[in-house]
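Please read all numbers here as calculations on a predicted model, not as lab measurements.
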Amino acid sequence: MKRYIVLGVLFGLVALSANLSAQVAGRLTGAVTDSTGAAIPGAEVRLYLPGGAPPALRTVTTSEGIFDFIGVRPDRYRLEIEVAGFSKYVLADVSVEGARQVTLPEIKLSVGAISETVEVVSAIQTLDLSTAE
């Protein structure tokens, strides 16, 4: 009886070990530049799971325009990059595999339209209809 219990525990540990080794995290890196090839520092980079509303991971590009996600679980993601003055960049179906580094090709952002918000505030003027003034 003890032998069967020991064998059962041993097989359970082997199965658990195989399952845990399959869940090793990966890494995703890339560089963000403008149309001239100059680095874009301070760009917000977000990584979303399919159908995910809040980003699974987020970071900001370095002064060299580089971003680096470490410890990314294996899955397919949507990558979004935003920075003021440039158009939003979206890359769908980014695949990250366990125990591997994925380096994306250089991401070039195009100059976006500058938008301006003007808020007009005025007081309503009343008219006195009893006089001609």
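The same ILVMFWY cluster, assembled from side-chain heavy atoms under 4.5 Å apart, contains both Leu47 and Tyr89. Both Leu57 and Phe67 sit in one connected hydrophobic cluster of ILVMFWY residues. Membership requires side-chain heavy atoms under 4.5 Å apart, directly or through other members. In terms of hydrophobic clustering, with Ile, Leu, Val, Met, Phe, Trp and Tyr side chains grouped at heavy-atom distances under 4.5 Å, Val60 and Ile81 are assigned to different clusters. A single hydrophobic cluster is not seen to contain both Tyr48 and Ile107; linkage of ILVMFWY side chains at heavy-atom distances under 4.5 Å, directly or through other members, places them apart.
Counting heavy atoms from C-beta outward, Asp75 and Leu49 have side chains that approach closer than 4.5 Å. Two residues are said to be in side-chain contact when any heavy atoms from C-beta on lie closer than 4.5 Å; Phe69 and Val45 meet this criterion. The shortest side-chain heavy-atom distance between Val83 and Leu109 falls under the 4.5 Å cut-off. Counting heavy atoms from C-beta on, the side chains of Leu28 and Asp68 never come closer than 4.5 Å.
Looking at every heavy atom in both residues, Pro41 comes nearest to Ser63 through CB-CA, 3.7 Å. The minimum heavy-atom distance linking Glu106 with Thr33 is given by the pair OE2-OG1, 3.0 Å. Minimum interatomic distance between Ala39 and Gly65 (heavy atoms only, all atoms of both residues): CB-N, 3.8 Å. The shortest heavy-atom contact between Arg76 and Asp93 is CD-OD1, 2.8 Å.
Looking only at distances, a side-chain donor or acceptor of Thr61 sits under 3.5 Å from a matching main-chain atom of Ala43.
Every residue two or more places apart in sequence or in another chain that forms a side-chain contact (heavy atoms from CB on, under 4.5 Å) with Val90 is listed here: Arg78, Glu80, Lys88. Residues satisfying the side chain to side chain donor-acceptor pair (under 3.5 Å) test with Glu82, not counting sequence neighbours, are Arg46.
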- [ ] Please step through side chain to side chain contact (heavy atoms under 4.5 Å, CB included) for the pair Val72 and Tyr77, ending with a clear verdict.
- [x] CA-CA 10 Å; Val72 182; Tyr77 294 90; 3.5 Å; yes
TODO: Kindly determine whether Phe86 and Val32 satisfy side chain to side chain contact (heavy atoms under 4.5 Å, CB included), including the steps that lead there.
DONE: CA-CA 11 Å; Phe86 291 90; Val32 181; over 6 Å; no
Open item on the list: For Val102 and Thr29: C-alpha separation, side-chain torsions, deciding distance, then whether side chain to side chain contact (heavy atoms under 4.5 Å, CB included) applies.
Closed with: CA-CA 6 Å; Val102 176; Thr29 63; over 6 Å; no
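Counting only N and O atoms by type, the side chains of Gln101 and Thr103 include a donor and acceptor under 3.5 Å apart.
Ion pair Asp34/Lys108 not flagged as a salt bridge, since none of the NZ, NE, NH1 or NH2 atoms sits closer than 4.0 Å to an Asp/Glu carboxylate oxygen.
The list of salt bridge (charged side-chain N to carboxylate O under 4.0 Å, His left out) pairs with a residue in residues 54-65, not counting sequence neighbours, reads Glu44-Arg58.
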